Amino acid sequence: MARDNILLVDSVHKSYGGRVALNGASLEVAKSSITGVIGPNGSGKSTLFNIVAGSLRPDAGHILLNGRDVSQASPADICRQGVGRTFQISRLFSELTVLENLVAIAHGLSDHEAVERAMGLLEFLEITGLRDKWGRELSYGQCKLVEIARALMLQPTVMLLDEPFAGINPRLQNRIVDHLQGLRERGLTLFFIDHEMRIVLGICDELYVLAEGQVIANGDPAEIRASQAVREAYF
Ligand code: ADP
Ligand code: MG
């Protein structure tokens with residue numbers, strides 16, 4: 001059976017001044033999969049995400065979303081085409097409540113519809129208790145959950161998550177894992193970067209390992225665990 005890819009990254013190059021961040025990286029993300037990217041610090045993971053999300057332009061290579069070339073598209077275009085994202089560092093508004101943070105990014109909805117959708121997401125993520133808290137009052141872990149809720153407000157078909165598990169306790173990590181699996185069951189594609197090997201190896205259908213701006217290995221978690229190249233570069 002042919003693979004149904006929602007996202008294709010084809011030979012992407014990106015340098016900052018003289019520093020090469022991506023050096024011909026290629027990968028595929030299957031529809032409704034959980035696909036992970038791991039790699040040492042500085043290997044180009046965030047650069048890759050920023051290029052897919054349209055925040056950075058590749059120097060060479062292409063990004064295909066549902067078969068369409070979006071290499072030169074703006075972040076707003078990419079968002080309209082169904083790509084949602086969370087950031088490594090929270091971008092919630094500190095002077096708005098959690099509910100307001102969610103409602104503020106709704107597009108084309110009445111206030112009533114936006115509040116309904118926001119409440120549904122807070123329920124799904126089991127954080128209705130945070131509804132009226134100010135952005136500035138949230139703990140680091142709470143921010144991560146609210147960021148996920150906020151990205152879901154736009155009903156993406158693909159979610160990019162930059163280090164959703166970094167710096168939070170194992171109990172909350174496990175809750176986020178459950179939620180991500182729930183989202184995948186609803187048909188969402190999840191594409192994430194993380195360092196937490198326990199989680200990455202546990203949750204992903206497919207993994208890509210980046211080192212020095214190139215994919216040095218890919219496969220399912222068992223294949224990655226067994227790969228000599230990965231061991232040498234990463235573990
Ligand atoms: P990762 O997310 O895997 O840690 P990054 O994509 O952030 O990797 O960085 C890849 C390389 O590009 C690193 O060498 C980093 O120092 C460099 N880099 C990233 N962002 C910038 C920038 N804005 N300006 C200059 N160099 C950068
Ligand atoms: Mg990074």
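On a predicted model such as this, the values are computed, not experimentally measured, just so you know. Every number for a ligand or one of its atoms is a count from 1 in the order of the listing.
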Where do R80 and D77 land on the salt bridge (Lys or Arg N to Asp or Glu O under 4.0 Å) test, with the steps shown first? CA-CA 5 Å; R80 271 192 293 274; D77 281 337; 2.8 Å; yes
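- Tracing side-chain contacts under 4.5 Å through hydrophobic residues (I, L, V, M, F, W, Y), one reaches M159 starting from L154; they form part of the same cluster.
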Walk me through it: do N5 and R3 pass the test side-chain hydrogen bond (donor to acceptor under 3.5 Å, both in side chains)? CA-CA 6 Å; N5 290 323; R3 230 179 108 109; 2.9 Å; yes
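- Residue contacts with ligand 1: G42 is placed with a nitrogen or oxygen under 3.5 Å of a nitrogen or oxygen of the ligand (distance criterion only).
- The atoms of ligand 1 that sit less than 4.0 Å from any heavy atom of A21 are 10 (C), 11 (C), 12 (O).
- Every atom of ligand 1 is numbered from 1 in the order shown, and the set under 4.0 Å from a heavy atom of P40 is 3 (O).
- Residue, atom and distance of the protein heavy atom nearest to atom 7 (O) of ligand 1 are S46 CB, 3.8 Å.
- Shown in contact with N41 at under 4.0 Å from a heavy atom are these atoms of ligand 1, numbered in order with element: 4 (O).
- By the 3.5 Å distance cut-off applied to N or O atoms, G44 is counted among the residues near ligand 1.
- Among the atoms of S46, an N, O or S atom is found under 2.8 Å from the Mg ion (ligand 2).
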Residues V83, V70; criterion side-chain contact (heavy atoms from CB on, under 4.5 Å); working and verdict: CA-CA 11 Å; V83 178; V70 294; over 6 Å; no
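- For atom 6 (O) of ligand 1, the closest non-hydrogen atom of the protein is T47 OG1, 2.5 Å.
- Between the side chains of R85 and N50, at least one donor N or O sits under 3.5 Å from an acceptor N or O.
- Residue, atom and distance of the protein heavy atom nearest to atom 17 (C) of ligand 1 are R19 CD, 3.5 Å.
- Closest to atom 27 (C) of ligand 1 among all protein heavy atoms lies Y16 CD1, 3.2 Å.
- Linking ILVMFWY side-chain heavy atoms closer than 4.5 Å, directly or via other members, places L130 and L172 in a single hydrophobic cluster.
- The local environment of NE2 in H13 is crowded, with over 12 non-hydrogen atoms from other residues, nucleotides or ligands closer than 6.0 Å.
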Any chance you could lay out the side-chain contact (heavy atoms from CB on, under 4.5 Å) test for I199 and D194, step after step, and finish with the verdict? CA-CA 9 Å; I199 297 174; D194 215 274; 5.8 Å; no
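- The closest approach between any non-hydrogen atom of G39 and ligand 1 is not below 4.0 Å.
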